[in-house]
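Reckoned from all heavy atoms, side chains included, excluding hydrogens, waters and symmetry mates.
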Amino acid sequence: MMTEVRPRIRLPRSASAGESIVVKTLINHDMESGQRRNSAGETIPRQIINRFTCEFNGVMVLDAALEPAISANPYMEFEAVVPESGEFVFTWYDDNGEVYTATETFEVS
Amino acid sequence: GNWSRLAAQQVLTQDDLLRFESFGNVSLIHVTDIHAQLKPIWFREPEFNFGVGDVRGVPPHVVGREFIDMFNLTPGSADAYALTYPDFVALGQAYGKMGGMDRVATVIKAIRAERPEAILLDGGDTWHGSMSSYLSRGQDMVNVMNALGVEAMTSHWEWTLGTDRVLELVDQLNFPFLGQNIFDAEWNEPSEDFPSYTWFERGGAKVAVIGQAFPYTPIANPGWMFPEFSFGIRDERMQEMVNEVKAQGADLVVVLSHNGFDVDRKMASRVQGIDVILTGHTHDALPEPVLVGTTLLIASGSHGKFVTRLDLDVRDGQLMGFRHKLIPIFADVITPDAEMAAVIDAERAPYAAQMEEVIGHTDSLLYRRGNFAGTWDNLICDAVMSERDTEIALSPGVRWGASLMPGDAITREDIHAVTTMTYGQVYRSEMTGETIHAILEDVADNLFNTDPYYQQGGDMVRLGGLGYAIDITKPIGERITGLTLLRTGEALDPAQTYTVGGWASVNEGTEGPMIWDVVEEHIRKLGRVSAEPNGSVIVSGI
Amino acid sequence: GLGASAVAMLPVAAAATPVDDAIAAYTGGAAIAEGGVTITAPEIAENGNTVPITIEAPGAVEIMLIATGNPTPNVGKFTFGPGSGAPMIATRMRLGRTQDVLAIAKMEDGSFASTAVEVKVTIGGCGG
Ligand SMILES: [Mn+2]
Ligand SMILES: [Mn+2]
């Protein structure tokens with residue numbers, strides 16, 4: 001994917017220690033399924049985000065294995081426990097070997 | 001004309017139509033699905049309105065003589081004329097046209113004179129349906145509804161003006177544009193542009209009005225025109241909203257809905273705590289509320305033909321009782337409100353000359369509404385096949401569109417009233433018999449799926465050049481049989497390719513002339529038109 | 001990954017459908033209890049290319065999502081780590097046609113539970 005990959009994250013404004021919060025992520029990506037053909041009739045090679053992970057302070061929250069049936073611009077919404085203030089690390093793994101990461105600090109009250 | 005005005009005034013008076021003994025402490029006034037009809041029109045109610053599954057034979061799936069009997073109407077009476085199809089042409093002579101927003105204004109002012117705190121609510125499909133609303137991109141209706149003093153609305157066809165225009169017009173409204181089910185498509189969150197509900201403190205009661213936009217707007221209409229938004233039924237969230245307003249002290253919970261009647265009936269059975277659902281979208285006019293548990297379902301018709309007044313006794317957070325009247329707007333009986341008439345004239349003025357140009361005449365009744373083809377649709381399909389040189393025509397089964405009486409002139413405005421939309425291009429394409437069959441099955445399932453949550457509230461797609469049989473009780477894929485090319489009498493060959501013309505495609509980039517121009521050209525050539533029910537659809541399972 | 005193991009199953013289960021294969025590849029043939037998983041998805045998809053779905057499965061450590069009517073049924077496998085706040089995932093998927101969407105939850109004790117919902121993919125048009 002040649003266009004710039006730009007992850008976006010949505011977290012609640014605040015939470016108290018130990019609370020479970022809703023985390024939303026989006027990343028712009030075609031998720032080329034490998035099943036489409038171009039105008040010349042050739043199969044367009046598959047290129048998808050095949051794995052997504054979210055960790056908070058080094059603790060795994062979600063580890064997702066993704067298939068071509070996941071829509072373009074993959075959206076993931078899930079819940080994470082925040083026992084203390086710290087850092088979220090989000091990682092997307094591309095078929096082409098590239099790895100995209102985003103980090104977000106989160107303060108508990 | 002004058003004769004019908006005199007005749008109608010002999011049997012009806014404005015006082016009779018408005019007579020209502022005030023009741024309780026809260027009044028709701030409901031209008032819906034006006035489809036931008038500012039002037040009085042003819043509108044024939046459906047001859048076919050089949051219910052499937054649990055709703056077979058129950059309102060609103062009752063028509064004609066059965067309807068008259070069920071609601072104790074007198075055949076040939078003004079009410080029977082307004083609410084049913086039999087003898088429509090003859091009764092139209094006696095009772096005249098219906099609707100007109102200046103007449104609607106008179107009725108609303110009269111109710112407010114008696115009940116200054118009455119709440120006026122508009123169920124949507126307001127900014128679409130006429131030539132002037134098309135040309136002004138909804139501006140005429142926004143100005144008229146502001147002048148009318150509407151206090152909240154919800155939406156459906158409004159969205160076919162596209163996101164930018166909707167936001168621009170919403171900004172001009174003196175009232176909220178509600179929709180608890182309008183979501184930001186990107187983040188899957190309730191849109192911040194449109195409130196879920198609004199509050200009224202009236203008659204000593206706290207009234208919450210929750211909006212519900214048409215759930216299938218991005219499917220039934222071109223979703224690419226408003227890609228930022230997602231809709232859907234979202235009855236779990238509706239329950240949350242009901243709980244939320246009750247927690248905030250609502251004495252009365254009203255849902256201003258554009259779900260369609262059967263969807264609302266199901267929602268009323270799943271969401272607890274709604275007192276009143278003001279229904280819309282399916283264009284049903286019912287002289288009495290339908291009760292689901294303790295929830296009242298109100299159906300106020302379409303095209304400005306009716307205004308509902310609902311008086312409620314609300315005490316200590318409880319609905320104790322109600323009094324209801326579906327007020328028919330007989331245009332020859334109700335005096336137009338002068339102020340509103342002036343607003344309407346001003347809105348129409350820039351377009352009046354184009355709109356009022358006579359294109360031809362009709363010798364037969366032209367109507368659309370009904371599950372299967374109306375005569376207007378037959379004429380439109382003929383126009384598409386003849387002007388676009390196709391073997392088959394497809395015309396959408398929308399429920400809007402006024403009627404014309406035998407002998408009437410057909411103006412450009414009349415053609416727009418049955419065709420106008422922001423995606424009216426008439427395509428010409430090639431389809432296999434198999435594809436055509438699949439389209440018919442798909443649309444039939446939107447109408448006859450036994451689970452209302454899978455219904456989209458339109459009527460069956462209209463066909464030109466093709467006949468078929470349908471068993472409405474069968475599942476998808478098995479309803480349509482006997483597809484026959486009428487020109488040759490031969491069965492439609494699944495493998496063969498046919499030329500097909502149609503309009504209202506939801507696909508972006510559809511090319512072709514606009515449907516109203518195609519119909520105008522056809523009518524102009526004929527001069528006088530006549531269209532009969534085509535008899536090429538055989539319905540079973542009813 | 002999961003795709004590879006599904007393909008590896010094919011020769012031994014030649015008569016089975018791709019959906020059966022996908023399920024068997026995931027559960028190893030173990031029994032699956034009905035229910036215990038809540039799926040929220042639209043009755044009718046607004047756009048078959050991006051159909052929102054939310055799956056909740058109390059007590060689950062992992063959820064497998066299968067589109068039974070797609071040529072390649074697997075959609076995704078979602079494993080909840082120790083930092084997870086709830087066994088819940090919402091995502092968007094491609095559905096080629098009207099079909100049942102199946103979610104299989106793997107529970108803490110290694111057992112499986114599943115629920116399916118029908119999502120209609122329609123050509124659209126028309127309305128009141
Ligand atoms: Mn509608
Ligand atoms: Mn309507």
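Judged by distance alone, the side chain of C:Glu46 and the main-chain N or O of B:Ser230 form no donor-acceptor pair under 3.5 Å.
Looking at C:Ala45, only its backbone comes within 4.5 Å of chain B, counting heavy atoms on both sides. For B:Tyr454, the parts sitting under 4.5 Å from any heavy atom of chain C are the backbone and the side chain alike. Contact of B:Asn188 with chain C is made through backbone and side chain together, with heavy-atom distances under 4.5 Å. Looking at B:Leu447, there are no atoms closer than 4.5 Å to chain C (heavy atoms on both sides), in backbone or side chain. With a 4.5 angstrom heavy-atom cutoff, B:Pro222 does not touch chain C via any of its atoms. Heavy atoms of B:Asp451 lying under 4.5 Å from chain C are absent altogether. In this structure, the portion of B:Phe229 lying under 4.5 Å from any heavy atom of chain C is its backbone and not its side chain. Heavy atoms of B:Ala185 lying under 4.5 Å from chain C belong exclusively to its backbone.
Nearest heavy-atom pair across C:Val121 and B:Asp442 is O-OD1, 4.3 Å. In terms of heavy-atom proximity, C:Arg92 sits nearest to B:Glu186 at NH2-O, 2.7 Å.
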| message | If you apply the rule side-chain hydrogen bond (donor to acceptor under 3.5 Å, both in side chains), what do you find for B:Asn449 with C:Lys120, and how did you get there? | response | CA-CA 11 Å; B:Asn449 193 303; C:Lys120 192 171 157 184; over 6 Å; no

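Between the CD atom of B:Gln455 and the CD1 atom of C:Ile44 there is a distance of 9.0 Å, given to the nearest 0.5 Å. The line from CG of B:Asp445 to OG1 of C:Thr122 is 8.0 Å long, rounded to the nearest 0.5 Å. A distance of 6.0 Å separates CD1 of B:Ile476 from OG1 of C:Thr98, quoted to the nearest 0.5 Å.
Within 6.0 Å of the CD atom in B:Glu236, the count of heavy atoms belonging to other residues, nucleotides or ligands exceeds 12.
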